[in-house]
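As structure tokens, the structure follows; a few thoughts come after it.
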Amino acid sequence: MRIVAAKKILKANDQVAAKNRDLLSGAGVCCVNVLGSPGSGKTTFIEALLKHFGGRIRAAVIEGDIAGTIDAERIEALGVPALQINTEGACHLDAPMVAAALRELDLNGVQLLFIENVGNLVCPASFDLGEHLRIVVLSVSEGDDKAVKYPAVFQSAQAVCITKTDLSPYIDFNLSRIMADVRRLNPGASCFQVAALRGEGVPAVAEWLAEHLHTGRSDFGHSGQK
Ligand code: MG
Ligand code: ZN
């Protein structure tokens, strides 16, 4: 019996991810991997940022879903190019899927590329896609214990965005508890609070992203594996 260790699969993934990152950096594209549970508000968060940037920043989006094109259609409705990856059952994106998507996407003039990962707080953390930045999206309705329960995804991110904060009055969500957990797990992470449908908190995230756009082609920090 032949056995392929998970470590080898991840190593092969990381090699493709490094190529993706080189390609994106060379094209002057800052790539952001957005991770979070199903229903955490990833698409709404991306939509809010795209609306905030308007025509000032040229963006594109790769949507990862097990099935369907609902999210890609929402992005296209904003006039932003979108490409859908259907994983047909797989619960995360990997670097080869993104490499295939990048071959289909016209990156000319694109400054900011969002990749919305499959909704999942577990394995997407282990798969470097070749992004420069990772943002974890966690809605208040998911509970303030999630950083303790799913540490890897929070440790691997450059930013953590608490979403749906306008629901806080109706939910027992202790913001200071999760912020303390995130700081303990990942002291360098930037933390934001967003009510994306109302646009609240969106400018601060946009400013943080814009700072990373201006750092020049080869100076992007990248998430990689921790
Ligand atoms: Mg979505
Ligand atoms: Zn998975």
Side-chain angles (χ1 to χ4, degrees), residues 4-14 16-17 20 31-52 59-101 105 112-131 133-142 146 149-157 159-165 167 192 194-197 199 202 205 209 223 225-226:
V4 178
K7 261 191 181 170
K8 276 193 184 169
I9 294 171
L10 286 176
K11 198 176 170 198
N13 180 80
D14 287 352
V16 179
N20 289 347
C31 179
V32 183
N33 186 3
V34 181
L35 300 90
S37 301
S40 57
K42 297 182 294 300
T43 314
T44 303
F45 172 73
I46 293 169
E47 282 174 324
L49 285 165
L50 294 173
K51 284 177 194 165
H52 177 87
V61 181
I62 294 173
E63 285 290 346
D65 280 292
I66 289 173
T69 56
I70 293 170
D71 289 353
E73 286 166 27
R74 284 169 62 179
I75 300 300
E76 278 184 342
L78 297 174
V80 173
L83 195 133
Q84 181 77 52
I85 299 175
N86 278 152
T87 63
E88 296 177 341
C91 47
H92 58 267
L93 293 178
D94 63 27
M97 290 178 201
V98 171
L105 204 60
L112 180 61
L113 173 66
F114 287 107
I115 302 175
E116 181 180 343
N117 218 308
V118 178
N120 182 346
L121 279 180
V122 188
C123 36
S126 307
F127 287 83
D128 184 3
L129 303 180
E131 72 270 24
L133 297 170
R134 272 187 191 188
I135 301 180
V136 176
V137 169
L138 180 83
S139 59
V140 294
S141 53
E142 289 167 73
K146 292 302 172 291
K149 289 188 168 191
Y150 302 93
V153 72
F154 288 90
Q155 279 166 330
S156 74
V160 174
C161 290
I162 306 298
T163 56
K164 309 190 191 182
T165 55
L167 298 180
F192 301 97
V194 170
L197 282 179
V202 174
V205 184
L209 277 174
S223 54
Q225 299 301 305
K226 287 206 172 183

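Indexing begins at 1, ligand by ligand and atom by atom, following the structure's order.
Atom CG of Leu83 and atom CG of Leu105 lie 5.5 Å apart (nearest 0.5 Å). Between the CG atom in Leu10 and the CG atom in Asp94 there is a gap of 10.0 Å [rounded to 0.5 Å]. Between atom NZ of residue Lys42 and atom OG1 of residue Thr163 there is a gap of 9.5 Å, rounded to the nearest 0.5 Å. Here the CG-CG distance, from Asp65 to Leu93, works out to 8.5 Å after rounding to the nearest 0.5 Å. To the nearest 0.5 Å, atoms OG (Ser126) and NZ (Lys7) are separated by 12.5 Å.
Looking at every heavy atom in both residues, Asn20 comes nearest to Leu129 through ND2-O, 3.0 Å.
When each of Glu47, Glu63, Glu116 is tested with Arg74 by the rule salt bridge (Lys or Arg N to Asp or Glu O under 4.0 Å), just one qualifies, namely Glu47.
Summarising the local packing, CG of Leu167 is surrounded by more than 12 heavy atoms from other residues, nucleotides or ligands at distances under 6.0 Å.
Near-neighbour remark for the Mg ion (ligand 1): protein N, O or S atoms under 2.8 Å are Thr43 OG1, Asp71 OD2, Glu116 OE2; waters not counted. Among protein atoms, those of element N, O or S found less than 2.8 Å away from the Zn ion (ligand 2) are Cys91 SG, His92 ND1, Cys123 SG.
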Going through the checks in order, is the side-chain hydrogen bond (donor to acceptor under 3.5 Å, both in side chains) test met by Asn13 and Asp128?
CA-CA 7 Å; Asn13 180 80; Asp128 184 3; over 6 Å; no
